[in-house]
Amino acid sequence: MKRLLLTAALFLAAAAAGNAQTVNAGKYIVEGTNLDGSSYSGTAEITLASETTCVIEWDTAGVKSTGVCMLNGNAFAAAYVLGDALGLVVYKVNGDGSLDGTWTITGKDGSGTEMLTEAK
């Protein structure tokens, strides 16, 4: 019985490790929607600081912002500064390495969307 439990535990640990998501350092193509539904595009660059933390810099329509980010399972979140406002974006890490997110910013109603796709 102990052997069966040990085998099951090892199998579950291996399956969990196989399902772990990762975010790659590098440049990304940004496609998103603003709070009013209009679209925007640009680039982002992610620089890893550890296995779970990073710095992200966006350049969308000539507007630059910088944030600190963190990976937790298949969730990837970033807090950022845009002018005088603070923002938050939460992404789902997809199996193909893309990031599918929803964002908001202080002082504004609603939320926008954003997709980051690794630049090739």
Side-chain angles (χ1 to χ4, degrees):
M1 182 67 162
K2 287 182 182 178
R3 179 173 281 164
L4 179 62
L5 289 175
L6 178 60
T7 302
L10 290 173
F11 176 77
L12 288 174
N19 289 332
Q21 298 291 330
T22 187
V23 172
N24 296 318
K27 294 189 185 250
Y28 288 77
I29 304 300
V30 176
E31 296 290 335
T33 58
N34 290 303
L35 301 177
D36 65 4
S38 63
S39 63
Y40 67 90
S41 62
T43 60
E45 185 162 1
I46 296 174
T47 305
L48 300 178
S50 73
E51 288 183 17
T52 58
T53 61
C54 62
V55 173
I56 184 168
E57 297 178 314
W58 291 269
D59 185 348
T60 55
V63 177
K64 296 184 181 196
S65 58
T66 301
V68 59
C69 39
M70 185 175 135
L71 175 66
N72 183 10
N74 73 340
F76 181 73
Y80 60 94
V81 176
L82 183 62
D84 293 335
L86 298 175
L88 176 67
V89 58
V90 178
Y91 298 100
K92 176 183 177 242
V93 181
N94 298 313
D96 64 358
S98 65
L99 304 170
D100 189 12
T102 304
W103 61 268
T104 192
I105 195 159
T106 56
K108 304 288 183 181
D109 290 330
S111 59
T113 64
E114 187 167 275
M115 173 71 81
L116 301 184
T117 307
E118 286 186 86
K120 302 292 178 190

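None of the values given here were measured: they were computed from a predicted structure. Side chains included, hydrogens not; waters and symmetry mates left out as well; all remaining heavy atoms used.
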Using the rule that two of Ile, Leu, Val, Met, Phe, Trp, Tyr join whenever any of their side-chain heavy atoms come within less than 4.5 Å, decide whether L35 and V90 are in one cluster.
no
Give a yes or no on whether L71 and V68 share a hydrophobic cluster (residues Ile, Leu, Val, Met, Phe, Trp, Tyr; joining criterion: side-chain heavy atoms under 4.5 Å apart).
no
Is it the case that the side chain of D36 and the backbone of S38 share a donor-acceptor pair, with hydrogens and angles ignored and the cut-off at 3.5 Å?
yes
Please name the pair of heavy atoms, one in [X] and one in [Y], separated by the smallest distance, quoted to 0.1 Å.
X: D96; Y: E118; value: O-OE2, 4.5 Å
X: G67; Y: W58; value: N-CZ3, 4.1 Å
X: L48; Y: A25; value: CG-CB, 3.8 Å

Using the side-chain contact (heavy atoms from CB on, under 4.5 Å) definition, which of the options L99, I56, T52, L116 pairs with V23?
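Result for side-chain contact (heavy atoms from CB on, under 4.5 Å) with V23: L99.
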Evaluate side-chain contact (heavy atoms from CB on, under 4.5 Å) for N94 paired with K92, printing each intermediate quantity in order.
CA-CA 6 Å; N94 298 313; K92 176 183 177 242; 3.4 Å; yes
What's the spacing between [X] [atom1] and [Y] [atom2] if we round to 0.5 Å?
X: S111; Y: L88; atom1: OG; atom2: CG; answer: 11.0 Å
X: T43; Y: Y28; atom1: OG1; atom2: OH; answer: 13.0 Å
X: D59; Y: T66; atom1: CG; atom2: OG1; answer: 10.0 Å

Using side chain to side chain contact (heavy atoms under 4.5 Å, CB included) as the criterion, list what pairs up with T117, not counting sequence neighbours.
S98, M115
All salt bridge (Lys or Arg N to Asp or Glu O under 4.0 Å) counterparts of K27, not counting sequence neighbours
E45
Within 6.0 Å of CG in N24, more than 12 heavy atoms from elsewhere:
yes
Can you pull out every side chain to side chain donor-acceptor pair (under 3.5 Å) where at least one residue sits in residues 100-110? Sequence neighbours excluded, please.
Y40-W103
